[in-house]
Amino acid sequence: MFLLDSDYKTFNEKAYVRLILKNDSKVETFYKDFDPYIWAVCDENEVESIKKKIEGITKEVNGKSLFIKKCMPEERYLFGKKVSAIKIIFNHPSDVPNLRKEIEDITEIYEYDIPFARRFLIDKNLTPAIYYDFELEKEGNMSFVKNFQITNNLNLSIKVLAFDIEVYCKAKPDPKYDPIIMMGISTNDFDKVITYKKVTADYIEIVDNELLMMKRFFDILLEYNPDIIYTYNGDSFDFPYIYERAKKLKINHPILNEIKIDKRGINDSSKISGMVHIDLYPLSRKLLSLNKYTLENVYLNFLGKEKTKLQLAEMDRLWEEGTQDGLLKIALYNKEDAVAAKDIGAAIGPLEIELSRIVGQNIFDISKMASSNMVEYLLMKRAFQEKTIVPNKPKGSEYLERSSDTYEGGFVLDPQKGLHEHIAVFDFRSLYPSIIIAHNIDPNTIGCDCCNNTSPDGVNFCLNKKGFIPEILKELIERRVQIKKKLKETSDKNERTIYQSQQWALKILANSFYGYMGYPRSRWYSKEAASSIASWGRKYIHKAIKIAEDMGLNVLYGDTDSLFVGLGSEDMKKSKEFRDKVNSTLPDFMELEFQGYYRRGFFVSKKRYAIIDKENNITTKGLEVVRRDWADIAKKTQEEVLKAILEGKGPEYAAEIVRKTTQELIEGKTPLDSLIIYTQLTMPLSSYKQIGPHVVVARHMKEKGEDIKAGSMISFIVKNGDGMIRDRSYDVETFKNEGYKYDAEYYIDNQVLPAIMRILKGFGYTEENLRFSKNIQKTLGDYF
DNA sequence: TGGTGACGGGG
DNA sequence: GTGTACGTCACCA
Ligand SMILES: [Mg+2]
């Protein structure tokens with residue numbers, strides 16, 4: 001059996017860790033003998049007196065009397081030194097925050113904010129997603145864990161299910177009014193769409209109404225009982241919508257008690273106990289580098305697969321019409337969305353599982369965790385094994401101090417602006433991990449008089465002291481080398497997926513250590529370490545640039561660990577020569593790799609560029625406006641300009657596109673639909689301190705009697721005239737009804753030009769070169 | 001100029 | 001859950 005998920009439950013005021021184990025079926029089992037605890041640290045000769053004081057603490061909370069269960073003095077390590085510690089054991093995890101202050105008044109405390117179920121996995125060295133032999137015991141109708149033994153069998157059989165819902169709505173979907181019309185499911189055993197209008201296809205199941213559709217969906221979920229559920233944006237859409245809609249329809253179903261929607265804070269999370277819900281949208285954002293993260297775009301650019309498209313308005317119309325063909329279109333779209341989620345899950349799920357194994361935390365938690373947090377849990381696990389007390393997270397003031405105490409990061413070369421052909425891109429393999437390991441960079445190795453190992457920014461790191469972080473990092477890097485070797489040796493598809501995921505997971509973690517030490521919320525934070533890593537990195541990249549220049553190569557751009565070199569022609573020999581020269585000149589642990597050849601590219605400024613390869617794949621950085629609060633006309637014009645330049649049509653051709661667009665704007669020929677700006681009202685109208693255009697429009701709409709509230713999407717067009725933008729912004733309906741004229745100047749100066757200037761600035765154009773002033777004809781002539 | 005507010009995905 | 005994003009950009013005050 002392997003661990004799928006864990007949390008804890010309270011019975012008779014005692015907390016039991018609950019483990020969801022999986023074999024052929026799922027088992028819910030509990031662990032009895034694990035108590036919550038924290039550490040106190042004090043002078044050796046004070047241990048007894050402090051122990052007494054702590055044991056004497058009692059406190060009334062909500063009519064209950066809380067007290068410390070037990071204190072046990074133990075030797076531990078803290079910041080690399082042996083200390084006298086007291087293990088303070090509590091009756092219940094929730095006692096810890098309640099009694100923390102009282103203990104803190106007596107002495108220093110540590111490890112007081114580690115969630116109970118996570119603490120359990122660390123202390124018991126129980127790793128998710130690895131087979132163990134579990135010895136279980138029945139007591140009444142509950143199962144308890146007596147013992148477990150690792151088997152190292154990694155070959156999981158995991159049942160997955162992906163789903164997606166479609167909603168019929170005129171504006172922003174609101175579960176109070178807008179019905180779910182279809183629910184699509186995809187598994188490795190079947191695909192299915194449930195709906196309640198008459199439409200025929202082998203994968204469609206028809207029920208009488210929405211309520212029965214949802215019940216049927218819940219039944220299938222329980223019956224199929226998948227280990228992993230994949231959604232795309234299910235955390236903030238599908239799950240909350242289903243949950244709210246079920247409430248509205250007064251559906252009673254046991255599964256609803258298992259669903260937990262967490263909308264507090266900024267990150268949504270939807271959990272369904274007994275199953276691991278993995279939302280692929282936030283993961284795609286984290287793992288892939290794309291300019292847009294729609295399901296469609298991720299499916300195409302990550303997996304190279306296409307699915308049918310369906311406009312929202314079209315879907316509404318087809319649902320209203322209710323014809324076989326129309327409904328089939330919706331059903332197909334719905335099914336394909338579920339299939340796409342399943343496919344993306346098949347590519348990303350194994351990675352999450354490997355991360356879960358390496359870090360030692362639940363798959364669900366890992367799928368929501370930032371990589372710096374994963375590094376932290378990995379370090380905490382190791383710290384426990386080495387009897388080392390984990391440093392505390394910074395309190396508010398210390399966090400602010402750390403945040404404002406900035407340091408110099410990687411070196412970014414000011415690019416040679418404009419268009420370039422034949423570009424070779426190189427990067428240092430694992431630049432920062434290599435530096436951390438080679439220079440033994442750790443918060444606890446700072447300062448010694450035995451080593452000559454001083455960073456370019458003047459911090460000395462001892463090479464003889466054990467470096468906790470570099471040691472762990474070295475293991476990760478070495479494991480990755482081994483796995484990549486295995487990957488080369490096998491052609492078995494399943495093995496390759498596992499190795500591929502393992503090496504990806506190790507890469508993600510290894511690359512997060514530098515950021516971790518410089519992240520102000522880290523427990524093992526060290527500004528000296530982070531700034532030293534960056535300073536060594538700058539030194540090495542400068543050396544590489546110098547070598548390139550000495551070889552007569554044209555260095556176009558560079559950022560931290562990468563170099564963009566102009567070759568003059570597709571000169572692979574020169575490219576190789578440069579790489580080899582760098583590798584033979586720099587220390588052994590540094591390795592420059594040839595990343596790729598690009599036939600064309602342009603640079604605008606630091607962090608803003610675009611390149612295109614021989615297969616016409618475009619990579620852009622910092623250029624594109626792809627947000628709904630930009631009008632279509634700006635987005636479209638920018639895209640055309642980008643393509644024109646990368647396809648080699650020349651900047652002047654691109655400039656002409658802009659002039660034509662602005663001309664059409666001035667002449668009033670631009671369709672209104674491409675001028676709409678969409679902005680969401682994120683709070684009640686009364687809460688606004690700053691009245692922006694969308695707030696004014698929203699007020700106006702509310703006066704007209706429309707249902708406007710926090711969450712409403714406001715779409716507006718800016719009318720011509722003088723004064724502030726907000727006073728000339730009107731909802732689309734009013735704008736059209738009144739026959740208003742749009743403000744060409746606004747759309748040129750605030751939309752089109754800013755968008756395209758991100759690109760054309762790099763070619764020496766100014767707004768004036770591209771803007772049509774009132775006397776168009778004259779200005780136009782100047783350009784030819 | 002500083003502060004406020006919105007973006008992302010989903011329908 | 002022994003907790004609380006993120007970096008970036010536009011425009012109002
Ligand atoms: Mg869909």
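Here is how names work: the chains are called A, B, and so on, in the same order as the sequence lines, proteins then strands, and each is numbered from 1. Atom set for the values below is all heavy atoms of this structure, side chains included, hydrogens, waters and symmetry mates excluded.
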Separation of atom [atom1] in [X] from atom [atom2] in [N], rounded to whole Å:
| X | N | atom1 | atom2 | result |
| --- | --- | --- | --- | --- |
| A:Asp268 | B:dG8 | CG | P | 14 Å |
| A:Arg285 | B:dG10 | CZ | P | 11 Å |
| A:Ile725 | C:dA10 | CD1 | P | 12 Å |
| A:Glu624 | C:dG7 | CD | C1' | 18 Å |
| A:Phe239 | B:dG9 | CZ | P | 21 Å |
| A:Leu295 | B:dG9 | CG | P | 11 Å |
| A:Ile677 | C:dC9 | CD1 | C1' | 14 Å |
| A:Arg521 | C:dG7 | CZ | P | 10 Å |

Using a 4.0 Å heavy-atom cut-off across all strands, classify [X] as base, sugar-phosphate, or nothing.
| X | value |
| --- | --- |
| A:Tyr281 | base |
| A:Arg628 | base |
| A:Asp337 | sugar-phosphate |
| A:Ile180 | nothing |
| A:Tyr168 | nothing |
| A:Tyr519 | sugar-phosphate |
| A:Pro97 | sugar-phosphate |
| A:Arg18 | nothing |
| A:Tyr110 | nothing |
| A:Asn750 | sugar-phosphate |
| A:Asp629 | sugar-phosphate |

task = Starting from the 5' end of DNA chain C, give me the residue, A:Lys393 or A:Ile691, whose nearest nucleotide shows up first.
result = A:Lys393
key: Pi-cation contact, A:Tyr37 with A:Lys87 (under 6.0 Å, within 45°)   =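 Flagged: A:Lys87 positioned over aromatic ring of A:Tyr37.
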ask   = Has A:Lys14 got its NZ or CZ under 6.0 Å from the middle of the six-membered ring of A:Tyr16, at an angle within 45 degrees of the ring axis?
value =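 Yes, cation above the ring, under 6.0 Å and within 45°.
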If we ignore angles and hydrogens, is there a donor and acceptor under 3.5 Å between the side chains of [X] and [Y]?
| X | Y | result |
| --- | --- | --- |
| A:Tyr299 | A:Glu306 | no |
| A:Glu320 | A:Tyr168 | yes |
| A:Tyr333 | A:Glu166 | no |

